[in-house]
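Below, read A as the first sequence line, B as the second, and so on, with proteins coming before strands; counting in each chain starts at 1.
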Amino acid sequence: MAGRLLSLRRMGRTSFAKLRDGSGEVQLFLNQQALGKDVYQGALDVLDVGDFVSAGGPLFRTRTGEPSVRVERLQVAAKALRPLPEKWHGLQDPELRFRQRYLDILTNDSVRRRFEARTAIVSALRRVLDSHGFLEVETPTLQPVYGGGAAEPFVTSYAALNRDYYLRIADELYLKRLLVAGYERVYEVCKNFRNEGIDSSHCPEFTMLECYQAFGDLADMRELAQRLVATAAEAVHGTTRVQFDGGALDFTPPWRRLTYRDALLASAGLDLEADASASALHEAARSNGVTVDPSWPRAKLLDELMKTLVEPSLVEPTVLERYPAETSPLAKRCPDDPRYIERFEVFVNGMELANAYTELNDPIEQRARMEEQASARHGADATPVDEDFLLALEHGMPPAGGLGLGVDRLVMALSGTSNIREVILFPQLRDRS
RNA sequence: GGGCUGGUAGCUCAGUUGGCAGAGCAGCGGACUUUUAAUCCGAAGGUCGUGGGUUCGAGACCCACCCGGCCCA
């Protein structure tokens, strides 16, 4: 067997070592009589904690019952030149944990398990979608026009094409092209890039699951979102009632449902159906102590009110639904009331976890709303019109439900962590000067 | 951007009123034939984040900056 030496207790003519490989840990029992004096002493001279070694010999139990290998053959497979962090406390300094994640994973069991859980979660998401007949696809990371959201992109230079390109802020518009192509159920798990702030729930490079279902509606997407998250919870915890040090969350479907209007009415005392004018929104912000900019359009005001007053209170999984039309240009309007769109978002721990629409597939209305948004939004939020996407829509996109799920945030919610960096293997930090 | 907080040995951390820079683990030398954070003895290990300032004297006090963490915007 081969693995990494995690500890070494030298006790004279007998020594004990702890060896870890991918399947677990085992104790090595080294004895001078069994190995011969030269081999035994030579091994102790050269071995350091942190080395990779291969060892062979029969399994047995020591006096204290510890399963051990009575080492007969021993070889250093790779030498460690630097010592492992402190064996009892592990690596604690958050800066070093992020900068040298390999040491964090190597010495902190809970961190190692958390990243294994992340992989199990992504596998569970794929398993659910695969079993529901969704086709996993890959779409461009480098895009000539960014779209599918409102965010500042990373700009890069595409030498062979001699023009600027953008790292995707979303893959939505490409997945919809595949609906045009005739695939009825598609999904992609990919990195998106948004050149904006970093905080405990935002990382400029993050992982998203997006899926689209032709002829699906919002109810289908709600069922799917619940199925995805519940299955992921079971994959990690064996249950949808998840407990961790800081508390507990119940992901058992069906989740609580709340309309956007009722949420604002309860938290801000603002009734969108009584008065949804910009001045009413400003008044609501002022009376609730929310700082806003007089130049903001209604969509941004609404977003700010929701972020400040409503979202922090949504701790248990909650489906927030019936969004005002101006909050997205990509969703279909509610047939019973054109002031609203068929959209919901899922919140957990005050954090947006998922976003779903009945997708807008009318090329004429889509063009109008994209052009409206391109001109109405100011400065950094301006989203260019993707003519190539509109051309695709003009060839006919089936009615469809679409769902986006923040994978990093799902891992946070299922692992009881409150900082997104704790679920990203190698988060970016400033250079140490 | 603002507030709070941290940066001392490879790691985990102490450092009192401004008065010789400390411990544990790891590493090094030694003892020990069943340990479990082994134990015991010995020696060694420092750009106290960086740069200024105050002072007879600064890890500590003051200023600026760098890199984190938490909270707020």
Side-chain angles (χ1 to χ4, degrees), chain A residues 4-20 24-37 39-41 43-51 57-72 79-109 111 196-203 246 285-286 288-293 296 300-301 303-309 311-312 349-351 380 412 417-422 424 426-433:
Chain A
R4 189 188 283 270
L5 204 62
L6 290 184
S7 69
L8 180 59
R9 294 183 288 279
R10 301 164 205 244
M11 312 198 48
R13 272 165 279 188
T14 291
S15 295
F16 299 86
K18 188 158 72 174
L19 194 68
R20 178 158 80 200
E25 295 174 1
V26 70
Q27 177 169 267
L28 302 184
F29 176 91
L30 297 102
N31 180 267
Q32 175 169 299
Q33 205 168 18
L35 281 166
K37 187 169 182 182
V39 173
Y40 178 76
Q41 290 300 335
L44 288 193
D45 283 347
V46 74
L47 282 179
D48 282 307
V49 170
D51 290 350
L59 269 170
F60 76 112
R61 284 184 187 273
T62 59
R63 267 179 216 168
T64 56
E66 177 87 11
S68 306
V69 175
R70 189 184 303 275
V71 174
E72 294 172 349
K79 197 83 194 77
L81 297 183
R82 294 178 186 270
L84 251 38
E86 213 259 356
K87 64 184 172 189
W88 187 241
H89 299 93
L91 190 65
Q92 293 297 316
D93 182 345
E95 187 174 349
L96 283 183
R97 289 183 47 237
F98 296 149
R99 289 191 194 277
Q100 294 181 276
R101 182 68 96 180
Y102 45 94
L103 294 178
D104 188 25
I105 293 168
L106 185 54
T107 62
N108 294 321
D109 286 348
V111 175
E196 296 174 350
I198 301 176
D199 65 29
S200 58
S201 60
H202 294 84
C203 183
R286 200 189 52 75
N288 286 285
V290 179
T291 313
V292 296
D293 188 301
W296 285 356
K300 180 129 182 153
L301 286 167
D303 191 48
E304 193 63 27
L305 288 171
M306 294 299 288
K307 262 186 194 149
T308 313
L309 301 173
E311 294 177 11
N349 274 338
M351 204 169 49
M412 290 169 69
T417 49
S418 55
N419 190 329
I420 197 168
R421 286 178 167 174
E422 295 291 358
I424 290 174
F426 299 103
Q428 304 292 341
L429 300 180
R430 288 180 202 276
D431 289 348
R432 276 183 292 196
S433 59

Worksheet item: Using the P atom in both, what is the distance from B/rC32 to B/rA14, to the nearest Å?
Response: 38 Å
Fill in: B/rG59 versus B/rG18 - spacing of their P atoms, nearest Å
13 Å
Worksheet item: Across all strands, who's sitting opposite B/rG45 as a Watson-Crick or G-U wobble pair, both distances under 3.5 Å?
Response: none
Worksheet item: When you compare B/rG2 with B/rU17, how far apart are their C1' atoms, in angstrom units rounded to a whole number?
Response: 33 Å
Discussion item. Any strand counts, and the cut-off is 3.5 Å on both contacts for Watson-Crick or G-U wobble. Which nucleotide pairs with B/rG22?
Written reply: B/rC13
Worksheet item: Given B/rG69, B/rG27, B/rU35, which nucleotide is nearest the side-chain atoms of A/Asp48?
Response: B/rG27
Response to the item:
Mate of B/rC61 across any strand shown (Watson-Crick or G-U wobble, both atom pairs under 3.5 Å) is B/rG53
Worksheet item: Now, which nucleotide makes the Watson-Crick or G-U wobble pair with B/rG1, with each of the two distances under 3.5 Å?
Response: B/rC72
Item to complete: Let me know the distance between CG of A/Leu81 and P of B/rC28, rounded to the nearest Å.
Response: 13 Å
Worksheet item: Given atom CZ of A/Arg430 and atom C1' of B/rC67, what is their separation to the nearest angstrom?
Response: 9 Å
Discussion item. Exactly one of A/Arg101, A/Gln100, A/Glu95 should register a side-chain contact (heavy atoms from CB on, under 4.5 Å) with A/Phe98. Which one does?
Written reply: A/Arg101
Discussion item. Please determine whether a side-chain nitrogen or oxygen atom of A/Asn31 lies at a distance below 4.0 Å from atom OP1 or OP2 of B/rU34.
Written reply: no
Worksheet item: Measuring from A/Leu30:CG to A/Arg70:CZ, what's the distance to the nearest 0.5 Å?
Response: 11.0 Å
Worksheet item: Using the C1' atom in both, what is the distance from B/rG69 to B/rG10, to the nearest Å?
Response: 22 Å
Practice prompt. Taking atom C1' in both B/rA37 and B/rC25, compute the distance separating them and give it to the nearest angstrom.
Written response: 9 Å
Worksheet item: B/rG24 and B/rC40: how far apart are their C1' atoms, nearest whole angstrom?
Response: 16 Å
Worksheet item: Can you tell me how far CZ of A/Arg4 sits from CD of A/Glu25, rounded to the nearest 0.5 angstrom?
Response: 12.5 Å
Item to complete: Determine whether the side chains of A/Ser200 and A/Asn419 contain a donor N or O and an acceptor N or O closer than 3.5 Å.
Response: no
Response to the item:
Of B/rU34, B/rG69, B/rC71, the nucleotide closest to the side chain of A/Arg63 is B/rU34
Discussion item. Nearest 0.5 angstrom please: A/Leu91 CG to A/Arg99 CZ, how far?
Written reply: 12.5 Å
Worksheet item: In Watson-Crick or G-U wobble terms, both distances under 3.5 Å, what is the partner of B/rG6?
Response: B/rC67
Worksheet item: When rounded to the nearest Å, what value does the distance between P atoms of B/rA38 and B/rG27 take?
Response: 10 Å
Item to complete: Would you tell me if any nitrogen or oxygen in the side chain of A/Arg10 comes within less than 4.0 Å of OP1 or OP2 on B/rC32?
Response: no
Discussion item. Would you say A/Arg9 places a side-chain N or O within less than 4.0 Å of OP1 or OP2 belonging to B/rA38?
Written reply: yes
Kindly give the atom pairs (protein nitrogen or oxygen, nucleotide nitrogen or oxygen) under 3.5 Å for nucleotides 5-13 of chain B.
| unit_1 | atom_1 | unit_2 | atom_2 | d |
| --- | --- | --- | --- | --- |
| B/rC11 | O2' | A/Glu86 | N | 2.8 |
| B/rU12 | OP1 | A/Gln92 | N | 2.9 |
| B/rU12 | OP1 | A/Asp93 | N | 2.8 |
| B/rU12 | O2' | A/His89 | ND1 | 3.4 |

Practice prompt. Evaluate whether atom CD of A/Glu72 has more than 12 neighbouring non-hydrogen atoms of other residues, nucleotides or ligands under 6.0 angstrom away.
Written response: yes
Worksheet entry | Watson-Crick or G-U wobble mate for B/rU35, both contacts under 3.5 Å | none
Practice prompt. Between B/rU16 and B/rC11, how far apart are the P atoms? Round to whole Å, please.
Written response: 22 Å
Worksheet, complete the sentence: With the side chain defined as heavy atoms from C-beta on, A/Thr14 is closest, among B/rU33, B/rC70, B/rG68, to B/rU33
Worksheet entry | Whichever of A/Pro94 and A/Glu304 has its nearest RNA chain B nucleotide further upstream toward 5' | A/Pro94
Discussion item. I want to check something: taking the side chain as every heavy atom from C-beta on, are A/Val290 and A/Lys307 in contact at a cut-off of under 4.5 Å?
Written reply: no
Worksheet entry | Touch class at under 4.0 angstrom, heavy-atom based, for A/Thr62 against every strand present | base
Worksheet item: Of all the nucleotides listed (B/rU33, B/rA38, B/rG69), which has the minimum atom distance to the side chain of A/Met11?
Response: B/rA38
Worksheet item: Distance only, no hydrogens: is a donor on one side chain within 3.5 Å (strictly under) of an acceptor on the other, for A/Glu86 and A/His89?
Response: yes
Worksheet entry | Rounded distance in Å - CH2 (A/Trp88) to C1' (B/rA26) | 16 Å
Discussion item. Could you measure the distance from the SG atom of A/Cys203 to the CD1 atom of A/Ile424? Nearest 0.5 Å is fine.
Written reply: 3.5 Å
Worksheet item: Rounded to the nearest Å, what distance is computed from the CG atom of residue A/Leu5 to the P atom of nucleotide B/rG27?
Response: 10 Å
Worksheet item: Taking for each residue the nucleotide of RNA chain B with the nearest heavy atom, is it A/Phe60 or A/Asp45 whose nucleotide lies nearer the 5' end?
Response: A/Asp45
